[in-house]
Trainee: 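Here it is, the structure in full.
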There are 2 protein chains.
Amino acid sequence: MADLKAGVNQLFLREEELRTGMELLFYAYREFTAEPDEILEQYGFGRAHHRVIYFVGRYPKITVSELLAILKITKQSLSRVLGELVRQGFILQQTGVRDRRQRLLELTEKGNELERQLSETQRQRIARAYRMVGAEAVEGFRKVMLGMLEESDRAKFTPLAPPRLTAVKR
Amino acid sequence: MADLKAGVNQLFLREEELRTGMELLFYAYREFTAEPDEILEQYGFGRAHHRVIYFVGRYPKITVSELLAILKITKQSLSRVLGELVRQGFILQQTGVRDRRQRLLELTEKGNELERQLSETQRQRIARAYRMVGAEAVEGFRKVMLGMLEESDRAKFTPLAPPRLTAVKR
DNA sequence: ACAAATTAGTCAGCACGGTAGACATAAACG
DNA sequence: CGTTTATGTCTACCGTGCTGACTAATTTGT
């Protein structure tokens, strides 16, 4: 009887625990994007612009196809926002030297400023959370999040750092 | 000199650590929604339908305004998807007894089945991650995620469980 | 050298889910 | 009885995904 009760209770805890995880992800993601969204609005941009700016800032000289592989959207979708960002002087395209078909993407100074402005609130939000809980909890957070990723995405984080794109011919 | 170098290094680690956090959130959220999205497609539904089904399942007898407060979308947006779900027999509306203006929402059996089907993949993904890392890391994850929320949302999780809506007149 | 594959871009059209404003109805409240 | 609240509807717009079809420049492989 005691065993049965414990079992049921654990089942309940488990179910509740999993739901909590799902909801934490939902609420956290929404609040994580809320502040940048407001800033973007002032520029007539949306979340898609933010993502492009972020990853171009993260990986200077990234090619269009590498960016597509990260974002997992179609080139038509990317083209729309990337085109706006280039035309409005936030991103610079340089023809590749090794392969002149490639357009290597980079943030301009203007683009860099916007990137910093957009990500600042997010960095602060994470920094605040990290500070609140201590290094051990942060490590736990990192582990759980990694555990939720597919192998392919997980690879991007393996050494815990240097921003290198997966070995792609450049 | 040694101090300075350490300082710089810590700054780098910090920046890199924060970026890692941001990206973990981005990738995890995307993969978290990918599988349900495929299932939803078969029903002609989208992510918005999933959210409604999830929270109605989570809080049976929830009112429309409570649901709006959770989702933080406009009633016009909600109305579109909620209407479809009701008309197609996934959700039941009952007139409130205490307040007959309210429509208390509940999943039908059909709705419950869909909810289980949709959330199952997500529960498994979380369960897998939790299992991979152990209880301590899970607690760290929970703490960090809570730290990223606004006070208002955090309140929903405070006792670590019982699904009770914030004290709203019902 | 030339054909094939790759990289990038464009145009048109569609779906989804968010927004806003305006308005309607029923019920509760004071 | 007038006001407020809860819900719903109609219209229109926007951002951001998607597909399909097509073009151009460049590299690669035989």
Side-chain angles (χ1 to χ4, degrees), chain A residues 26 29-30 33-34 36-53 56 61-87 91-105 165 168-170, chain B residues 26 29-30 33-34 36-38 40-54 56 61-87 91-105 165 168-170:
Chain A
F26 169 71
Y29 191 80
R30 188 178 58 190
T33 51
D37 282 355
E38 282 178 34
I39 299 170
L40 288 159
E41 214 176 333
Q42 298 164 8
Y43 290 81
F45 291 156
R47 221 172 268 183
H49 299 81
H50 186 186
R51 291 199 274 259
V52 170
I53 285 178
V56 170
K61 308 265 182 196
I62 190 175
T63 69
V64 172
S65 34
E66 287 165 342
L67 188 50
L68 283 173
I70 289 178
L71 297 175
K72 287 190 183 161
I73 59 176
T74 59
K75 64 177 173 176
Q76 294 93 324
S77 296
L78 175 58
S79 189
R80 202 158 33 199
V81 296
L82 181 54
E84 288 174 323
L85 291 170
V86 168
R87 279 191 296 277
I91 288 181
L92 200 74
Q93 290 175 310
Q94 293 174 239
T95 301
V97 278
R98 283 244 310 278
D99 185 335
R100 302 187 46 242
R101 290 170 303 182
Q102 297 181 333
R103 297 298 124 87
L104 308 184
L105 307 175
L165 287 175
V168 174
K169 270 196 298 189
R170 305 246 336 231
Chain B
F26 169 71
Y29 191 80
R30 189 176 59 187
T33 50
D37 283 354
E38 283 177 34
L40 288 158
E41 214 176 331
Q42 298 163 9
Y43 290 81
F45 291 156
R47 219 173 271 183
H49 298 82
H50 186 185
R51 291 200 273 260
V52 170
I53 285 178
Y54 177 84
V56 171
K61 309 266 182 195
I62 190 175
T63 69
V64 172
S65 34
E66 286 165 343
L67 188 50
L68 282 173
I70 288 177
L71 297 175
K72 286 189 184 164
I73 59 176
T74 59
K75 64 176 172 176
Q76 294 93 323
S77 296
L78 175 58
S79 189
R80 205 160 28 201
V81 297
L82 181 54
E84 288 173 323
L85 290 169
V86 168
R87 278 192 297 277
I91 288 181
L92 199 75
Q93 290 176 311
Q94 294 174 239
T95 301
V97 278
R98 285 243 311 276
D99 185 337
R100 303 189 45 243
R101 290 170 303 181
Q102 298 179 334
R103 298 295 124 89
L104 309 184
L105 307 174
L165 288 173
V168 173
K169 266 197 297 183
R170 305 229 4 213

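On a predicted model such as this, the values are computed, not experimentally measured, just so you know. Labels below follow one simple rule: chain letters A, B, ... track the order of the sequence lines, proteins then strands, and each chain is numbered from 1.
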Trainee: Once you round it to whole Å, what is the distance between P of dC14(D) and CG of D37(A)?
Mentor: 18 Å

Trainee: Need one value for Q93(A): base, sugar-phosphate or nothing, where a base atom within 4.0 Å counts as base even if backbone is also close, heavy atoms only.
Mentor: sugar-phosphate

Trainee: If we only count heavy atoms from C-beta on, is the T95(A) to L104(A) side-chain gap below 4.5 Å?
Mentor: no

Trainee: Over how many whole Å does the gap from I62(A) atom CD1 to dA8(C) atom P extend?
Mentor: 10 Å

Trainee: If you find the nucleotide of DNA chain D closest to G83(B) and the one closest to S77(A), which residue's nucleotide is nearer the 5' end?
Mentor: G83(B)

Trainee: Nearest of dA8(C), dT7(C), dG18(C) to any side-chain atom of D99(A)?
Mentor: dT7(C)

Trainee: From dG17(C), dA27(C), dA8(C), pick the nucleotide closest to the side chain of R100(B)?
Mentor: dA27(C)

Trainee: Does I73(A) or V97(A) map to a spot on DNA chain D nearer the 5' end, using the closest nucleotide for each?
Mentor: I73(A)

Trainee: With a 4.5 Å heavy-atom cut-off, do R51(A) and R47(A) have their side chains touching?
Mentor: yes

Trainee: Both Q76(B) and R103(B) contact DNA chain C. Taking the nearest nucleotide for each, which residue is further toward the 5' end?
Mentor: Q76(B)

Trainee: Which nucleotide wins on minimum distance to the side chain of H49(A), given the candidates dT26(D), dT16(D), dG18(C)?
Mentor: dT16(D)

Trainee: Using the side-chain heavy atoms of V64(B), tell me which of these nucleotides is nearest: dA21(D), dT19(C), dT7(D).
Mentor: dT7(D)

Trainee: Rounded at 0.5 Å granularity, tell me how far NE2 in H49(B) sits from CD in E84(B).
Mentor: 3.5 Å

Trainee: To the side chain of R47(B), which of dG17(D), dG17(C), dA28(C) is closest?
Mentor: dG17(C)

Trainee: Given dT5(D), is OP1 or OP2 found less than 4.0 Å from the side-chain N or O atoms of S65(B)?
Mentor: no

Trainee: Rounded off to whole Å, could you give me the CD1-to-P distance for the I91(A) and dA8(C) pair?
Mentor: 14 Å

Trainee: Kindly say whether, by distance alone, the side chain of R80(B) makes a donor-acceptor pair under 3.5 Å with the base of dG18(C)?
Mentor: yes

Trainee: Check the distance between dG20(D)'s C1' and K75(A)'s NZ and give it to me in whole angstrom.
Mentor: 11 Å

Trainee: If you compare every side-chain N and O of R101(A) against the phosphate oxygens of dT27(D) (OP1, OP2), does one of them come in below 4.0 Å?
Mentor: no

Trainee: Could you tell me how the ring of Y54(B) sits relative to the ring of H50(B): parallel (under 30°), tilted (30 to 60°) or perpendicular (over 60°)?
Mentor: perpendicular

Trainee: Which whole-number value in Å describes the distance from L68(A) CG to dT19(D) P?
Mentor: 13 Å

Trainee: Measure from NZ on K72(A) to C1' on dG17(D) and round the result to the nearest Å.
Mentor: 15 Å

Trainee: Verify the contact: side-chain N or O of S79(B) to OP1 or OP2 of dG8(D), cut-off strictly under 4.0 Å; return yes or no.
Mentor: no

Trainee: Is Q102(A) near enough to dA25(D) that one of its side-chain N or O atoms lies under 4.0 angstrom from OP1 or OP2?
Mentor: no

Trainee: Atom NZ of K61(B) and atom CG of L105(B): how far apart are they, to the nearest 0.5 Å?
Mentor: 10.5 Å

Trainee: Give the rounded distance in Å between these two atoms: CG of L40(B) and P of dG17(D).
Mentor: 18 Å

Trainee: Can you check the Q94(A) CD to dT7(C) C1' distance for me, whole Å?
Mentor: 17 Å

Trainee: Tell me, do V81(A) and F45(A) make a side-chain contact under 4.5 Å, heavy atoms counted?
Mentor: no

Trainee: Is T74(A) close enough to dC18(D) that one of its side-chain N or O atoms is under 4.0 Å from OP1 or OP2 there?
Mentor: yes

